[in-house]
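Worksheet for the structure shown next.
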Amino acid sequence: MGQIAIAVYDPDSAYTERFCQYMNEASGHEYVFRPMNDREQLDRLISAREVEGVLVSDALREEYPLFIGDIHVGYLTGEPMEEEGEIFRYQSRREILEVLGRLLENEDLSVKLFVFVGASAGGGCSTVAAACAQKLAQEEKRVLYFNMSSLGDAGTIFQGGNPRDFQYLLKELETGGDLDAAMAAVLNRDGGGVYYYDNLSAPLSLMNITRARMEIFLRRLIDSGEFRYIVIDSSFSVNYGLLEACGMATRVIFVDDGVYTSNQRLHKIWSLFKMLGNGLCPKSVLLYNKFHEKYGRLYENPELPVAGTIGVLTPAGPTQMVEQMMGHEALREVLR
């Protein structure tokens with residue numbers, strides 16, 4: 001059996017080198033520690049999934065969660081602590097390896113909520129969201145896709161159908177009906193393994209959904225633990241329900257085609273998020289599509305980190321576009 005690769009990064013590069021040298025001096029243990037010189041190097045390694053574990057300075061806890069996909073993350077602390085993921089950096093090699101072993105055995109039971117917000121129609125938001133859902137399903141992750149678009153077009157991407165859609169669920173919410181039974185009644189399953197809710201019968205009624213009702217619905221979804229990943233596609237629809245979803249999200253992904261009018265709308269949405277607060281901005285990233293390389297750099301928002309740029313897709317139907325999108329490296333960064 002090969003060694004387990006562990007990436008180590010601390011702003012004190014001298015400490016990082018000493019730590020890795022010290023840990024690698026032990027003969028016969030199952031780990032190999034790789035010192036990282038900078039954050040970009042570490043992030044590239046994570047994106048390529050070339051390591052099974054990451055150790056970072058405790059100061060980077062907010063930027064590197066305990067689990068990045070299937071990669072386990074630990075935090076090197078200056079004082080002995082008992083919080084999850086923490087490793088006292090001045091312990092003996094044996095003690096560090098014991099803690100690290102327990103850390104790598106931990107199972108990620110958290111529910112991750114990804115919200116995709118389109119800057120304009122035709123910018124690729126639904127395609128990217130659906131591709132992420134299908135990629136997760138291919139990796140045998142239990143994933144739910146929820147279409148919050150005012151177009152109600154999930155059925156053009158996923159195969160299957162249900163006579164009851166999200167409007168039925170909304171009525172049960174409004175009338176105090178059995179929410180669990182309603183959620184089960186409207187659930188679809190695509191042949192590729194993606195579960196999904198659609199809102200085909202009256203998509204525009206989503207514009208009237210309240211934040212309170214969306215909070216009840218999403219909280220029930222998350223607390224049930226039935227799905228490990230929930231992907232919400234708003235396309236280019238912004239409503240109160242979407243704002244609540246963004247507030248609860250693990251990550252908010254703006255999809256922008258990079259043209260001037262699209263960037264203008266993105267700036268308006270971004271300004272709204274900043275006014276609302278609720279931690280939306282720190283967990284938001286930008287995914288550019290289509291014309292960004294040619295036009296979009298003129299209008300970039302320097303406040304938004306860019307997760308990547310998706311190349312121009314060849315002409316195809318929605319299903320074929322999703323299949324093409326699944327191969328893009330940018331999705332690795334989005335699903336971190």
Side-chain angles (χ1 to χ4, degrees), residues 110-119 125-126 128-130 132-133 136 142-155 158 162 164-188 194-255 265 268-285:
S110 63
V111 176
K112 293 181 172 59
L113 175 61
F114 297 101
V115 178
F116 291 82
V117 181
C125 182
S126 294
V128 177
C132 284
L136 289 167
R142 193 168 171 87
V143 56
L144 174 72
Y145 170 97
F146 171 36
N147 181 13
M148 279 189 65
S149 165
S150 59
L151 297 176
D153 55 356
F158 299 110
N162 194 328
R164 290 175 171 171
D165 68 1
F166 196 69
Q167 307 309 317
Y168 171 81
L169 194 153
L170 288 179
K171 289 177 182 177
E172 292 295 295
L173 265 174
E174 292 171 2
T175 59
D178 187 336
L179 182 56
D180 289 331
M183 289 168 66
V186 303
L187 191 63
N188 297 280
V194 177
Y195 292 84
Y196 69 96
Y197 289 128
D198 205 352
N199 57 311
L200 191 59
S201 64
L204 287 175
S205 65
L206 268 179
M207 303 302 287
N208 297 322
I209 189 171
T210 64
R211 296 187 69 168
R213 287 180 184 147
M214 181 56 65
E215 195 275 336
I216 292 171
F217 164 64
L218 290 176
R219 182 54 55 196
R220 188 71 64 90
L221 262 182
I222 292 171
D223 291 346
S224 72
E226 182 180 0
F227 299 99
R228 285 286 312 285
Y229 294 88
I230 301 170
V231 176
I232 292 182
D233 167 25
S234 76
S235 189
F236 57 95
S237 305
V238 178
N239 52 58
Y240 290 115
L242 173 66
L243 295 177
E244 180 61 31
C246 289
M248 299 175 68
T250 306
R251 185 166 245 196
V252 180
I253 302 100
F254 291 100
V255 183
R265 189 166 190 271
K268 290 180 180 178
I269 298 173
W270 179 249
S271 298
L272 173 64
F273 274 27
K274 290 176 71 174
M275 287 189 293
L276 291 172
N278 299 324
L280 293 179
C281 296
K283 62 187 178 185
S284 300
V285 296

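Values below: all heavy atoms of this structure, side chains included; hydrogens, waters and symmetry mates excluded.
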Find the distance between [atom1] ([X]) and [atom2] ([Y]) and round it off to the nearest 0.5 Å.
X	Y	atom1	atom2	result
Y197	L187	OH	CG	5.0 Å
E172	T175	CD	OG1	4.5 Å
I222	K112	CD1	NZ	12.0 Å
N188	N147	CG	CG	11.0 Å
L242	R211	CG	CZ	9.5 Å
I230	L221	CD1	CG	4.5 Å

I'd like to check the side-chain hydrogen bond (donor to acceptor under 3.5 Å, both in side chains) partners of R228; sequence neighbours left out, ordered by chain and number.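 For R228, the residues satisfying side-chain hydrogen bond (donor to acceptor under 3.5 Å, both in side chains) (neighbours in sequence not counted) are D108.
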Of all the heavy-atom pairs spanning G225 and V111, show the shortest one and how long it is.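 So the two residues come closest at CA-CG2, 4.3 Å.
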Which pair of heavy atoms, one from V115 and one from A249, lies closest together, and at what distance?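 For V115 and A249, the tightest heavy-atom pair comes out as CG2-CB, 3.7 Å.
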Measure from the side-chain N and O atoms of S234 to the backbone N and O of M148, and report whether any donor-acceptor pair falls under 3.5 Å.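 No; zero donor-acceptor contacts below 3.5 Å.
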Given side chain to side chain contact (heavy atoms under 4.5 Å, CB included), test L173 with I216 step by step and report yes or no. CA-CA 9 Å; L173 265 174; I216 292 171; 3.8 Å; yes
Would you say the side-chain atoms of Y145 and D233 include a donor-acceptor pair closer than 3.5 Å?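 There is such a pair (donor and acceptor under 3.5 Å, judged by atom type) between the side chains of Y145 and D233.
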Greater than 12 external heavy atoms within 6.0 Å of R142's CZ: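 More than 12 within 6.0 Å, yes.
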Under the side-chain contact (heavy atoms from CB on, under 4.5 Å) rule, collect the residues that match up with T210, sequence neighbours excluded.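 Result, side-chain contact (heavy atoms from CB on, under 4.5 Å) vs T210: A212, R213.
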When you look at M214 and M248, which way does the side chain to side chain contact (heavy atoms under 4.5 Å, CB included) test go after all the steps? CA-CA 10 Å; M214 181 56 65; M248 299 175 68; over 6 Å; no
Taking it one step at a time, do L169 and L179 satisfy side chain to side chain contact (heavy atoms under 4.5 Å, CB included)? CA-CA 7 Å; L169 194 153; L179 182 56; 3.9 Å; yes
Is there a side chain to side chain contact (heavy atoms under 4.5 Å, CB included) between V194 and V231 once you walk through the steps? CA-CA 10 Å; V194 177; V231 176; over 6 Å; no
Please tell me whether F227 and F146 form a close aromatic pair, meaning their ring centres lie under 6.0 Å apart.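 Between F227 and F146, the centre distance exceeds or equals 6.0 Å.
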